[in-house]
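Okay, so here's the structure we're looking at.
Keep in mind that the numbers below use all heavy atoms, side chains included, and drop hydrogens, waters and symmetry copies. Given the structure is predicted, the values throughout are model-derived calculations rather than measurements. Lettering of chains follows the sequences in order, A, B, ..., and the numbering in each one begins at 1.
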Amino acid sequence: MKHKVQTAMKTLFVLPGLLLGAGALHAQTPVQAPAESEYYSITPFATPAETALEVSSVELLPGLKVAVGTRRGEVWVVDGAYEADVSKARFQRFAEGQHEVMGLAWKDGYLYATNRYEVLRMKDEDGDGRADLFETVCDKWGVSGDYHEYTFSSRFDKAGDLWVVLCLTGSFSSKTDFRGWAVRIKPDGSLVPTCSGIRSPGGIGFDADGAVFYTDNQGPWHGSCTLQHLVPGSFQGHPGGFAWYDNAPNMGPRPVEPNDESRMVTERARIKELVPPAVYMAHGKVGNSSSFIVCDTSGGKFGPFQKQLFVADQSHSNISRVYLEEVNGVKQGVVFPFLKGFKSGLIGGRMNEEGQIFAGGSDRGWGAKGGQPYDFERVQWTGKVPFEVHEMRARPDGFELAFTEKVDAASAADLKNYSMREFTYIYQSKYGSPEVDEVTPKITSATLGADGKTVRIKVEPLTKGHIHELHLDGVRSAAGLPVLHPVGYYTLNEIPTK
Amino acid sequence: MSRIQANQSVCPGLVLGAHPKNDPMKFSKTPLSERVGNVWLSLLTGLVAGIGMEAGAAEPETILVRTMQAQMKFDQAEIAVEPGTKIKLVLENIDDLPHNIVFFKPGTDVVAVSNKQMEKPEEALKRNWLPDDPRIWLNSRMLNPKEKQELEFTAPTEPGVYPYMCSFPGHVLTMQGKLVVQKKGPILTSSHFAVYLGNWDKLPDFKALKPHREGELPDNLIQLKFDDYKNQYGAVFEGKLAVGKEGEYEFQISSDDGSRLSVDGKKVVEYDRIHPSSEIKSGKLKLKPGEHDVRVEYFQGGGNAELYVAWKGPDFSITPLSQWLHPSWKGGASTKKKSETTGMPLPVGSEPVVYRNFIEGAGNRGIGVGYPGGMSLAWSAESMNLAMVWRGAFIDAARHWTNRGGGHQPALGYDTLSPVPVGAVSMAVQTAPDSPWPTVAPGQKPEGFSWKGYRLDSKRQPEFQYEWKGVRVRDRIEVSGDATKGNGRMERTVSLSGSIPAGALFLVGETASIKKVADGFELSPALKVRAEGAELRGNCLVVPVGAGKSELKITYAWKELPGKTEAAR
């Protein structure tokens with residue numbers, strides 16, 4: 001099956017390079033607004049007919065092979081997945097019956113997999129291409145039988161540990177050991193309780209420096225889906241699993257309970273262990289159910305966004321792009337839409353050394369825009385650089401916007417081309433939250449830097465804890481192109497002092 | 001049910017006080033299609049309403065719509081109402097996501113409406129995901145989990161199909177339905193009944209029998225109001241139906257016990273013999289305009305007596321002809337309903353198939369294995385023991401592979417047996433003559449045990465591995481023969497390595513009907529077991545293990561039996 005490239009072209013009008021005097025008549029040149037597909041392609045694989053490949057995890061294996069774990073508990077090994085012609089990919093079933101494989105990690109000849117209640121490692125000992133050893137590494141957390149208790153795991157961190165995030169029992173509570181926690185599994189199989197406050201994870205991954213992040217989903221104590229930094233010892237926001245502090249002496253005393261119907265910024269001041277979401281994946285705007293996290297470590301093979309994070313969404317069948325920085329010791333940053341049009345609800349994903357992302361998922365139980373029940377697809381950079389906000393950095397009095405390409409000086413200087421709104425969510429025990437406490441700041445200046453690619457905007461006021469939603473509809477590249485994704489959402493946990 | 005219950009039993013030396021009283025795997029289930037009581041009453045009122053009745057005089061018809069937990073669906077995909085009737089719709093959100101219900105004018109593409117919202121998500125969010133669309137004529141709030149809302153409205157006067165959906169982003173794909181606004185059809189005229197006395201297990205030939213009593217049907221509605229007879233009687237109802245338009249007509253019946261419906265002397269639908277009214281049966285035929293003779297035959301054996309009759313035509317919606325309404329009468333014939341918990345049986349070919357999931361009877365860490373030769377088992381990585389065996393088909397994955405994957409799935413085959421009580425661990429040390437045999441509740445882990453995983457042999461048969469008090473245990477099961485043909489055998493080898501504590505026992509079997517037979521022990525009428533050194537202590541079949549006994553050979557032999565153990569009602 002060939003992928004149809006959708007070119008939804010918007011016609012818009014841009015000024016030719018010369019700035020004309022006020023009142024002067026000038027010709028307007030219609031230009032085709034570029035589509036995402038000019039820069040990044042999505043190519044679906046034809047998946048094996050004998051199964052529904054409901055991808056829930058992806059890992060890279062030696063020999064340019066790819067392992068795919070599924071919600072049906074299978075693991076398939078794909079040979080030839082890197083090749084230009086995806087029809088050459090061959091699928092072999094490596095394992096079956098593993099009660100939802102939401103994490104895969106390769107190490108020393110073993111394929112580690114996570115099911116609902118354990119991390120195990122699999123090996124093909126007789127060389128027939130199928131696993132025969134299924135060795136339990138750690139099963140020291142609970143499973144109550146509730147559907148909601150999904151279990152996601154990372155690859156190995158620098159210390160050789162696996163990180164496991166354990167979904168609560170339902171949305172509100174934790175009925176069995178360490179549900180609602182992030183734990184680390186040491187190489188000897190021991191379990192180290194690491195963070196409380198998890199609600200309903202959708203994925204877990206590392207940034208380029210090895211810091212661990214997971215995505216959580218909108219619900220009680222989560223006004224929106226989020227990307228969160230798993231700092232050992234921290235509380236991540238949902239108090240439903242507090243009971244397990246009794247079994248986690250290494251974590252110290254149980255934190256203060258958050259007040260209901262409060263704000264994250266208020267509760268941070270009360271609860272010292274509370275780490276705010278690094279980025280709110282603005283609900284309904286960039287997605288509805290955040291899932292896998294991929295870091296671009298391809299060294300430029302995936303385009304200009306090296307070391308940035310790419311976060312998928314099951315319900316919107318899309319991937320968003322996150323740039324993070326650290327201010328006053330807290331991670332924060334911006335999310336921009338990146339690529340839409342996947343065929344099902346993305347859950348599992350992984351980038352290879354060639355800068356290709358293998359991504360797939362299913363729409364089972366929640367529905368997804370993609371429209372197909374499951375998918376396994378590959379994303380590649382076409383080699384063309386899109387005009388985008390590459391980085392958005394907080395400053396004491398505004399933001400610094402670094403673009404991927406030179407910016408048209410006139411459009412960069414025109415304050416009318418910028419707008420911003422600031423809002424936050426209610427931090428509450430009820431499900432979700434509307435956007436509240438809206439502030440409409442003034443953009444008081446916009447200055448293009450000497451490099452021609454960086455614009456410094458001053459914003460009055462900045463609001464600590466708010467999401468700063470930036471619109472850049474009028475900004476053009478030197479070549480006359482609009483910003484491919486002109487709206488970004490910066491979560492300002494901390495305002496830098498310098 | 002076909003599952004043979006392992007009852008509590010007394011076992012000298014091993015008191016079973018720790019066994020759970022009830023099967024702990026049975027979680028309470030909320031009936032999803034429950035309807036509010038006075039639906040049919042108000043509907044009957046509706047039948048005679050319409051002429052000269054003041055608006056507001058009739059009680060509104062109450063319709064309960066629930067979101068289904070973890071399924072992204074409404075429990076009603078079709079709601080039938082009469083034009084212009086007053087309706088009280090109760091939306092109950094029992095799911096753990098926010099949901100609403102939004103009704104549109106006929107012909108609206110609700111998926112397109114939902115997708116359109118995503119073009120301007122900010123605006124949609126401000127409206128709490130209620131689409132800005134002039135075709136909406138009724139909607140609820142966006143309900144949080146566990147909230148409910150009542151909507152009172154007058155059904156459209158224009159007959160048609162009015163689509164509805166949940167407008168929360170992404171939900172529409174599965175969360176939609178149709179409100180069918182259509183007039184009810186006519187009911188019987190010139191109806192009468194005849195009662196017959198007799199003890200039957202199927203419908204008799206009433207024409208050869210003499211009626212005990214005859215009379216006119218009150219309200220021209222078929223009903224079983226024979227106060228003098230509760231059991232062992234039959235009844236024939238006859239009347240006329242006026243057909244206005246030529247076309248295909250559907251007749252539905254459901255009954256406890258048997259029934260049959262004929263039109264103009266021709267049988268249309270039959271639901272004979274002794275049974276509860278669990279299904280709605282339907283039959284269709286073409287009718288020309290004019291009056292037609294309808295005959296409904298019914299018999300009652302004992303216990304509950306129920307009879308439901310309805311019809312539906314090209315120009316009217318489902319219309320009851322009986323006073324009693326089947327609980328799911330608006331859903332139509334039950335055979336049309338697609339189950340979401342059945343329909344994906346896992347085939348077993350020449351190799352065993354492993355299925356780790358929530359298996360009813362094997363705790364929350366069950367490992368199902370379907371072997372060639374029609375034998376299956378579920379091993380529990382909680383009790384570290386063989387939890388269940390059965391023969392026939394392996395397991396149906398639909399419960400876990402449709403929607404979100406919740407719930408415990410029972411065995412698919414027959415002669416399902418728990419060789420030991422649910423949760424009973426494999427090994428224990430007898431510390432005192434009356435010490436209880438340890439069990440573990442689903443989701444819990446037994447003290448002293450740790451699960452290590454499994455290994456597949458060259459035939460892909462698993463060997464389960466665990467540790468108990470420092471003893472490494474390997475539990476391997478190999479199969480031969482075919483259990484469905486009566487010669488299936490499961491050879492189980494349990495190997496222990498390490499220092500085995502003194503007084504250790506291995507529990508091979510404990511069932512209510514366990515007994516010594518010539519060549520071993522009978523666990524159930526279908527399954528025999530033989531194990532070297534096994535002793536029957538009360539109902540417990542145990543093998544003492546220790547330094548001199550570090551390998552157990554246990555053989556389970558399926559007996560030839562005349563057929564399946566049918567599910568008992």
Practice prompt. Please look at A/Asn288 and chain B and tell me whether the side chain, the backbone, both or neither of the residue comes under 4.5 angstrom of a heavy atom of that chain.
Written response: side chain
Practice prompt. Tell me, out of A/Glu469, A/Glu100, A/Glu54, A/Gln218, who's got the most heavy-atom pairs with chain B below 4.5 Å.
Written response: A/Glu469
Item to complete: Could you tell me which portion of B/Thr402 (side chain, backbone, both or neither) has an atom closer than 4.5 angstrom to a non-hydrogen atom of chain A?
Response: backbone
Worksheet entry | Engaged part of B/Tyr355 at the chain A interface, taking heavy atoms whose separation is under 4.5 Å | backbone
Fill in: Residue part contacting chain B, namely of A/Arg121, when any heavy atom lies under 4.5 Å
neither
Discussion item. Tell me whether the count of non-hydrogen atoms from other residues, nucleotides or ligands lying under 6.0 Å of NZ in B/Lys146 goes above 12.
Written reply: yes
Worksheet item: Looking at B/Pro98, B/Gly405, B/Gly443, which one has more heavy-atom pairs under 4.5 Å with chain A than the rest?
Response: B/Pro98
Worksheet item: OG of B/Ser450 to CG of A/Asp139: how many Å apart, nearest 0.5 Å?
Response: 7.5 Å
Discussion item. What part of A/Asp128 gets within 4.5 angstrom of chain B, counting heavy atoms only: side chain, backbone, both, or neither?
Written reply: side chain
Worksheet item: To the nearest 0.5 Å, how far apart are CD in B/Gln465 and CG in A/Leu133?
Response: 7.5 Å
Worksheet entry | Heavy-atom closest pair, residues B/Trp401 and A/Arg364 | O-CD, 3.2 Å
Item to complete: Name the region of B/Lys445, side chain, backbone, both or neither, that has any atom closer than 4.5 Å to a heavy atom of chain A.
Response: side chain
Discussion item. Counting heavy-atom pairs closer than 4.5 Å to chain A, which one of B/Val353, B/Asn115, B/Leu346 comes out on top?
Written reply: B/Val353
Discussion item. Need one label for B/Asn144: side chain, backbone, both or neither, based on atoms under 4.5 Å from any heavy atom in chain A.
Written reply: side chain
Discussion item. As an exercise: rank A/Lys285, A/Glu135, A/Arg72, A/Glu96 by heavy-atom pairs under 4.5 Å with chain B and give me the winner.
Written reply: A/Arg72
Worksheet entry | Heavy atoms from other residues, nucleotides or ligands near NZ of A/Lys140 exceed 12 (cutoff 6.0 Å) | yes
Practice prompt. Please tell me if the side chains of B/Arg404 and A/Tyr150 come closer than 4.5 Å, counting only heavy atoms from C-beta onward.
Written response: yes
Worksheet item: In Å and rounded to the nearest 0.5 Å, what is the CH2 to OG1 distance from B/Trp451 to A/Thr136?
Response: 5.5 Å
Worksheet item: A/Arg71 and B/Asn403: which non-hydrogen atoms are nearest, and at how many Å?
Response: NH2-O, 4.1 Å
Worksheet entry | Segment of B/Met344 engaging chain A (4.5 angstrom heavy-atom cut-off) | side chain
Practice prompt. Flag the pair B/Asp96 / A/His148 as yes when at least one side-chain heavy-atom distance between them is below 4.5 Å, and no otherwise.
Written response: yes
Worksheet item: Taking all non-hydrogen atoms of both residues, which atom of A/Tyr117 and which atom of B/Ala381 are closest, and how far apart?
Response: OH-CB, 4.4 Å
Worksheet entry | Shortest non-hydrogen contact from A/Tyr147 toward B/Gly406 | CB-CA, 3.4 Å
Worksheet item: Looking at side-chain heavy atoms only, is the closest gap between B/Leu173 and A/Lys369 below 4.5 Å?
Response: no
Worksheet, complete the sentence: So CZ of A/Arg116 and CZ of B/Arg365: to nearest 0.5 Å the spacing works out to 12.0 Å
Worksheet entry | A/Glu50, CD atom: more than 12 neighbouring heavy atoms under 6.0 Å | yes
Item to complete: Output the option from A/Ala131, A/Gly371, A/Ser315 having the highest count of non-hydrogen pairs under 4.5 Å with chain B.
Response: A/Ala131
Worksheet item: Salt bridge or not for A/Glu118 and B/Arg356, using N-O below 4.0 Å?
Response: yes
Worksheet item: Can you tell if the side chain of A/Val143 reaches within under 4.5 Å of the side chain of B/Phe358, non-hydrogen atoms only?
Response: yes
Worksheet item: B/Val354 versus A/Phe134: any side-chain heavy-atom pair under 4.5 Å?
Response: no
Worksheet item: Hey, what do you get for CD (B/Glu351) to CZ (A/Arg130), rounding to the nearest 0.5 Å?
Response: 4.0 Å
Worksheet item: Heavy-atom distance under 4.5 Å to chain B: side chain of A/Leu120, backbone, both or neither?
Response: side chain
Practice prompt. Look at the rings of B/His400 and A/His99 and say which category their plane angle falls in: under 30° parallel, 30 to 60° tilted, over 60° perpendicular.
Written response: tilted
